[in-house]
Amino acid sequence: MMPARESLLDAAFAALARRPWAAVRMVDVAAAAGVSRQTLYNEFGSKDGLARALVRREVDGYLAGVERALAVQGDVRERLAAVAEWVVSAARGNAVVRALVTGCWSSWLPSVGLAAVVSSSAVPAQRRADGALPSPGELVGVVRDRAAAVVGGGTAGGEAGWVCELVVRLALSCVVAPPGEGSGVGELVRGALHRQGVV
């Protein structure tokens, strides 16, 4: 990715932490990134284009975190507990990720539709984020399939898929209704997997 693009996305994300998306101004994002407003428009086409690119980047970062969690050393329970812990920590630490995984978009966040959009932007297609964004259910499926492929010996279906979906949905329940003091999602997942007989 181009350095200006990343700087602009970082500046947009930082601006979103300070004020609602409706109040974020393109000129301020450009200034914070140290580029001209024209560079911002050349890169994203519009404020909607910037919003979609920002959300796309957060999706990609979330899924990269899932891959890192799956790469931890340990047995199936440890890897799936790491995935669950990542899902919860990513959602707690990032309002955009929380909205993506729960489907609960506050008025503070950019209002982006999940469907692909038709763009008349002169921005090259490889830099736009016009493609469809995943729904919460689709993200569950992606994480389930990636986890099942790793812990299920390369197959994403069957028992491994069912167990992995259970883990992801348990983690999401902890995003919406956090567990009490002293108990974390990792312990919940390990206990549930132990009771299911998952080694």
- prompt: Atom CG in Leu16, atom CH2 in Trp108: separation rounded to 0.5 Å?
  reply: 8.0 Å

- request: Measure the CG-CG distance between Leu170 and Leu188 for me, rounded to the nearest 0.5 Å.
  value: 5.5 Å

task: State, to 0.1 Å, how close Glu138 and Leu133 come at their nearest heavy-atom pair, and which atoms those are.
output: OE1-O, 4.0 Å

- prompt: More than 12 non-hydrogen atoms from neighbouring residues, nucleotides or ligands closer than 6.0 Å to CZ on Arg19, yes or no?
  reply: yes

query: Closest heavy-atom contact between Trp86 and Tyr62?
result: NE1-O, 2.9 Å

Student check: side-chain heavy atoms of Arg57 and Leu54 closer than 4.5 Å: yes

task: Report yes if the side chains of Val142 and Pro134 come closer than 4.5 Å at any heavy-atom pair, otherwise no.
output: no

field: Minimum heavy-atom distance between Ala95 and Leu109, given as atom pair plus value
entry: O-CD1, 3.6 Å

message: I'd like to know if Arg190 and Asp75 make a salt bridge, using a cut-off of under 4.0 Å between side-chain N and carboxylate O.
response: no

query: Below 4.5 Å, heavy atoms only, C-beta onward: do Val59 and Arg56 meet side chain to side chain?
result: yes

message: How close do Ala84 and Val189 get, counting heavy atoms only, and between which atoms?
response: CB-CG2, 3.5 Å

Gap between atom CG of Leu50 and atom CD of Glu43 - 0.5 Å precision: 10.0 Å

Contact check, side chains of Leu80 and Val76, non-hydrogen atoms, under 4.5 Å: yes

Separation between CZ of Arg5 and CG of Leu8, rounded to the nearest 0.5 Å: 9.0 Å

- request: Look up atom OG in Ser135 and atom CG in Leu139, then write down how far apart they are to the nearest 0.5 Å.
  value: 7.0 Å

query: Taking all atoms of both residues into account, what is the closest heavy-atom pair of Ala82 and Val72, and its distance?
result: CB-CG2, 3.9 Å

query: Does some side-chain heavy atom of Ser7 sit less than 4.5 Å from a side-chain heavy atom of Val35?
result: no

- prompt: Arg98 side chain to Cys104 main-chain N or O, any donor-acceptor pair under 3.5 Å?
  reply: no

Heavy-atom closest contact (Ala51 atom, Trp21 atom, distance): CB-CZ2, 3.6 Å

- prompt: Can you tell if the side chain of Ser46 reaches within under 4.5 Å of the side chain of Met26, non-hydrogen atoms only?
  reply: no

query: Is Val176 linked to Trp105 within one hydrophobic cluster, defined over Ile, Leu, Val, Met, Phe, Trp and Tyr using a side-chain heavy-atom separation of less than 4.5 Å?
result: no

query: Any side-chain heavy atom of Arg146 sitting closer than 4.5 Å to one from Leu63?
result: yes

query: What do you reckon, is CD of Gln38 surrounded by more than 12 foreign heavy atoms closer than 6.0 Å?
result: yes

message: For a 4.5 angstrom cut-off between non-hydrogen side-chain atoms, does Phe13 reach Glu58?
response: yes

query: Distance from Lys47 atom NZ to Arg25 atom CZ, nearest 0.5 Å?
result: 10.0 Å

